Engineer: 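There's a structure below that I have some questions on.
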Amino acid sequence: MKVHKFDTRVQHLKYQVLREIAREAWNDTLLENLHDIPKRILPKDHPTMRCCIYKERAILTERMQIAMGGDKNDPNVIEVIDIACDECPMSGYEITDLCRGCLAHRCEGACKKGAITFDEHMKAHIDKSKCVNCGACAKVCPYTAITNRKRPCETACKVNAIHAGEDGAAKINHEKCISCGACVYQCPFGAVSDKSYILDVIDMIKKSENNTRYNVYAVVAPSIAGQFYYAKPGQILTALKKLGFDTVIEAALGADIVAYAESREVSETDSFVTSSCCPAFVNYIDKQFPQLKDHVSHNLSPMASISKCIKELEPDCKIVFIGPCTAKKMEIQKEEVRPYVDSVITFEELQALFDSRDIEAQSLEDAPLSDASPFGRIFARSGGLTEAVAQGLKEHGADHFDYKPVTCDGIDACRIALLKASKGVLNGNFIEGMACEGGCVGGAGCLTHAEKNTRAVNQHAATSDKKTITESVRRMDQV
């Protein structure tokens, strides 16, 4: 019996589209059966979510386009499905039923644009054509009757990169977007989605001819612990090989490499260093704090670090990173990363790939997974990198170094630390920046988002047969 667990129906619908696209791609029948997929997913003649079955299927067609790579002219990996984004009320300040029609009219006095008017019952109203959403009226209302209504995607986006366009649909400001995917996970209608590259991955696997022409590697993020709750990590490893990957390697081994190098970098600085592991965090610095770019660690991310090692040993291989992160899909477009990682898929997409081949991981062999140290594995949760760098300093014999880490859990915390750093008042010499709250376990591409995922990462780390970072790194001849 297949067991799937997603947080929302939106995720499940996205998974269904990915699964059906993948099934047809494996069978080389995608083009001929493409138009049958919406009817396969929504076979009934009455709508389940929208005004009519035709609109539901039209939206499914748009989802299929994103599942097949999306708009090639749009460089961002996050896209908006316009016809799916029409159910949310417009953002802005509104007068609620709490308005008592008081005599004070403080709201009217606070509004500099003359946007507040009153009806015959003295109840306040806001003229949207004049309102500039400054919030002055809400601040002075004694009944807190004025509320700032925000769309879920706008609330989720901590960098103010998403807004309503003239047509009412969400629009993404590419100058601000860091591709973290927070809007993707929070949109109740699934109108915002990340592009999928599963077709590229299927193509790589098929063209490898069972790994005889070249080997296909799966580099798996440590946050996988707890995601496929119905199977053990070793069974997922076996499932990946059954899917067609020749070798499965922990990205946590790359984390060990980064922790070892980054701890040395921190100990040698006379200022401060920020982590380079979270691509959304690095992207945030590039766009909002460009004056701090020189403080970003010069090391590649764990994904890129381990992939570079593999490519140096086997230049013709193909490498697919599998993790929780939509921003990784942007990271591999960078010039310094592109040569090492061929594609990225999320845990959501991996579940769809398993089911497109009817692979039931829970029934497979529990293979050993013993690449990384426990310190590399805890990179998956907030604070893990901070602890790993402390261990790296210890192993470098730099116990005397006055290590002052600043652990930032989520973009809001990152913003505060970076503002302090930009003003020269940061009380620290290392910033661990994680765009997703909780760390990678909170990534938009996770199947589930819960406290248990952090516990699962800690438990997975405890099973490592390595005791030190050095022991792990030496396997790749990096020391």
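Please read these numbers as outputs of a predicted model, since none were measured by experiment.
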Engineer: Is it the case that more than 12 heavy atoms not belonging to Arg57 sit under 6.0 Å from its CZ atom?
Structural biologist: yes
Engineer: In Å, rounded to the nearest 0.5 Å, how long is the span from CG of Leu98 to OG1 of Thr96?
Structural biologist: 3.5 Å
Engineer: Salt bridge between Glu175 and Lys287, side-chain N to carboxylate O under 4.0 Å?
Structural biologist: no
Engineer: Any carboxylate oxygen within less than 4.0 angstrom of a Lys/Arg side-chain nitrogen, looking at Asp97 and Lys123?
Structural biologist: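 No, this pair does not count.
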Engineer: For Ser305 versus Gly254, what's the shortest heavy-atom pair and its separation?
Structural biologist: CB-O, 4.2 Å
Engineer: Is there side-chain contact between Val389 and Pro405, with heavy atoms separated by less than 4.5 Å?
Structural biologist: no
Engineer: Can you tell me if Lys139 has over 12 outside heavy atoms packed within less than 6.0 Å of its NZ?
Structural biologist: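 Count not over threshold, so no.
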Engineer: Check whether any side-chain heavy atom of Glu432 lies under 4.5 Å from a side-chain heavy atom of Ser382, and answer yes or no.
Structural biologist: yes
Engineer: Assess the side chains of Glu331 and Ser301: does a donor N or O sit below 3.5 Å from an acceptor N or O?
Structural biologist: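 Yes, Ser301 and Glu331 have a side-chain donor paired with an acceptor closer than 3.5 Å.
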Engineer: Are any non-hydrogen side-chain atoms of Glu20 and Arg40 less than 4.5 angstrom apart?
Structural biologist: yes
Engineer: Give me the one residue out of Ile178, Val296, Ile431 that meets side chain to side chain contact (heavy atoms under 4.5 Å, CB included) with Phe281.
Structural biologist: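 With Phe281 as partner, Ile178, Val296, Ile431 yield a single side chain to side chain contact (heavy atoms under 4.5 Å, CB included), made by Ile431.
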Engineer: Can you spot which of Leu426, Val266, Asn429 makes a side chain to side chain contact (heavy atoms under 4.5 Å, CB included) with Lys404?
Structural biologist: Asn429
Engineer: Determine, using ring centers only, whether Phe272 and Phe430 are less than 6.0 Å apart.
Structural biologist: no
Engineer: Could you check whether Gln235 and Gln362, counting side-chain N and O atoms only, form a donor-acceptor pair closer than 3.5 Å?
Structural biologist: no
Engineer: Side-chain contact test, heavy atoms from C-beta onward, threshold under 4.5 Å: evaluate it for Lys171 versus Ile162 and give yes or no.
Structural biologist: no
Engineer: Taking atom CZ of Arg149 and atom OH of Tyr93, what is their separation to the nearest 0.5 Å?
Structural biologist: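 If I round to the nearest 0.5 Å, the distance is 13.0 Å.
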Engineer: Taking the six-membered ring for Trp, are His12 and Tyr15 parallel (under 30°), tilted (30 to 60°) or perpendicular (over 60°)?
Structural biologist: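 Ring orientation of His12 relative to Tyr15: tilted.
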Engineer: Might you point out which heavy atoms bring Asn453 and His449 nearest each other, and give the distance in Å?
Structural biologist: ND2-CA, 3.8 Å
Engineer: Would you mind reporting whether Ile21 and Leu34 have side-chain heavy atoms less than 4.5 Å apart?
Structural biologist: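 Of all side-chain heavy-atom pairs linking Ile21 with Leu34, at least one is under 4.5 Å.
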Engineer: Closer than 3.5 angstrom, by distance alone: can the side chain of Asp256 be matched with the main-chain N or O of Gly376 as a donor-acceptor pair?
Structural biologist: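 At least one qualifying donor-acceptor pair exists.
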Engineer: Could you tell me whether the side chain of Ser307 and the main chain of Ala304 form a donor-acceptor pair under 3.5 Å?
Structural biologist: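 Answer holds: no.
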Engineer: Using atom types as modelled and distance alone, determine if a side-chain donor or acceptor of Lys195 lies under 3.5 Å from a backbone N or O of Asn76.
Structural biologist: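 Judged by distance alone, yes, a pair lies under 3.5 Å.
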Engineer: So does Gln333 get a backbone contact from the side chain of Arg338, meaning a donor-acceptor N/O pair under 3.5 Å?
Structural biologist: yes
Engineer: Please give me the minimum heavy-atom distance between Lys334 and Asp286, naming the atom from each residue.
Structural biologist: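 Answer, listing the atom of Lys334 first, then Asp286: NZ-OD2, 4.2 Å.
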Engineer: So which heavy atom on Ser343 is nearest to which on Tyr197, and how close?
Structural biologist: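 The answer is OG-CB, 3.6 Å.
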Engineer: Sort out for me which residue in Leu350, Ile236, Leu237, Leu240 forms a side chain to side chain contact (heavy atoms under 4.5 Å, CB included) with Val220.
Structural biologist: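 Option passing the side chain to side chain contact (heavy atoms under 4.5 Å, CB included) with Val220: Leu240.
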Engineer: Does Lys128 NZ have over 12 foreign heavy atoms under 6.0 Å away?
Structural biologist: yes
